[in-house]
Amino acid sequence: MSSCVSILGSTGSIGRQSLEVIAACGMRVAALTANSSVQKLEEQARQFHPELAVMMDEEAAADLRVRLADTDIRVAGGMEGLLEAAVIPSADTVITAVVGMVGLRPTLAAIREGKRIGLANKETLVCAGTLVLEEAKDYGAEIIPVDSEHSALFQCLQGNRDRGEVKRLILTCSGGPFYGKKAAELKGMTREDALRHPNWSMGAKITVDSATLMNKGLEVIEAMHLYHMPPEKISVVVHRESIIHSLVEYCDNAMIAQLGAPDMRLPIQYALTFPKRVPGPATELDLWNCGPLTFGNPDLETFRCLDLALQAARTGGTAGAILNGANEAAVAQFLAGKIGFLDIAEQVARAMEQVPVRFNPGLKDVLEADRAAREAVG
Ligand code: NDP
Ligand code: MG
């Protein structure tokens with residue numbers, strides 16, 4: 001069980017909910033980091049008294065230094081600061097809640113210090129899953145998933161002694177805000193339409209990924225790495241209600257599922273308290289009034305991003321880094337109003353065609369694949 005936590009990306013959706021859990025469970029905070037939200041980070045620092053507060057943006061770091069001058073909190077900036085927060089000696093656990101591939105270096109740094117990683121930053125595993133998991137094994141660092149589906153799988157796998165008994169992992173998928181729509185209707189969808197998620201309130205990038213179903217594709221790759229499963233043993237089922245967070249099917253055809261209200265504070269808390277469970281702030285599930293639970297197939301033809309991610313999962317090597325880099329760049333362009341909703345899949349497909357895949361990649365190959373994919377999107 002964690003007692004002192006460093007949060008990378010504390011001002012975001014996962015970061016803020018992590019602080020709620022930490023406050024409720026009486027844990028301490030060693031370091032907090034953000035990109036540019038100075039005021040939010042100042043408020044959090046005054047409330048939680050970390051040793052270190054980091055702004056990725058150097059100007060914002062200078063501002064924060066002035067704001068916190070009356071405290072003994074140290075302020076740092078840039079990637080150096082983020083790396084310092086990742087390895088700070090007083091933390092036993094690091095929650096990686098930054099968005100995007102920028103989380104890769106700090107995650108590796110925390111692993112090399114043997115910290116427990118509460119992993120929310122899925123892009124890191126999609127780009128460099130093999131590398132990250134190998135390092136975690138070498139340095140004896142535990143990686144406990146925060147993503148709700150992977151936390152569900154982790155919980156459903158407790159007690160399983162022989163991975164050979166697992167027939168397949170089944171990831172549930174809400175279907176996102178555009179469930180049931182066809183390409184012709186999706187063409188004119190705007191930023192505001194995509195940001196209206198039916199069940200979860202999350203950061204902008206992952207909300208768009210949920211609308212394109214890229215999020216589920218990234219999660220298939222994430223599950224592949226976390227649980228050492230080939231892609232053909234991972235299935236996606238559309239479950240609109242987001243009550244079942246994922247399932248494990250065993251070789252005797254038993255299915256074990258984890259249920260709960262759609263509330264990220266539960267998987268965040270489990271990553272911090274594992275192997276213990278303690279009472280916490282997550283909403284109780286009212287099973288008697290939650291209505292019928294439904295299941296269906298994802299529409300891979302309309303939601304091409306999921307299909308592209310499944311292709312990348314089957315290809316392996318740097319295909320995940322190419323898929324992710326292109327997607328991060330395309331989603332940023334969509335959020336900036338520069339491209340349409342359907343162009344996201346178009347851009348990702350183009351990058352996957354253009355950028356050559358390397359197998360058994362090292363960190364350099366992953367970074368190069370990411371760079372080339374972003375360049376292909378333009
Ligand atoms: P948000 O956009 O809400 O928050 C992102 C956090 O990272 C903020 O603190 C932000 O700081 C910081 N940040 C953004 N860009 C950079 C950068 N370039 N360098 C350093 N820090 C940066 O994201 P979410 O909390 O929604 O998601 C975080 C991660 O967790 C993502 O990988 C997502 O896929 C994953 N996840 C999220 C879930 C959710 O429910 N939200 C569920 C499952 C997984 P600032 O505020 O200054 O911009
Ligand atoms: Mg998820």
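These numbers were taken from a predicted model, which means no experiment stands behind them. Note that ligands are numbered from 1 as they come in the structure, with each ligand's atoms numbered from 1 the same way.
- Proximity of M202 to ligand 1, defined as any heavy-atom pair under 4.0 Å, is shared by backbone and side chain alike.
- Taking the six-membered ring for Trp, F341 and F178 have ring centres closer than 6.0 Å.
- When non-hydrogen atoms are compared, ligand 1 lies under 4.0 Å from the backbone of S13 as well as from its side chain.
- Minimum-distance N/O/S atom of E149 relative to the Mg ion (ligand 2): OE1.
- How far CE of M229 is from CG of L153: 9.5 Å, rounded to the nearest 0.5 Å.
- Ring centroid separation for the pair Y227 and F154 does not come in under the 6.0 Å cut-off.
- For D147, the N, O or S atom closest to the Mg ion (ligand 2) goes by the atom name OD1.
- Scanning all protein heavy atoms for the shortest distance to atom 33 (C) of ligand 1 gives I206 CD1, 3.9 Å.
- Among protein heavy atoms, the minimum distance from atom 45 (P) of ligand 1 is reached at S37 OG, 3.2 Å.
- The part of E123 lying near ligand 1 is the side chain, judged by heavy-atom distances below 4.0 Å.
- Under 4.0 Å from ligand 1, the heavy atoms of M264 that appear belong solely to its side chain.
- The residue from V126, V98, L8 that puts a heavy atom closest to atom 29 (C) of ligand 1 is V98.
- A donor-acceptor contact under 3.5 angstrom links the side chains of E51 and S90, judged on distance only.
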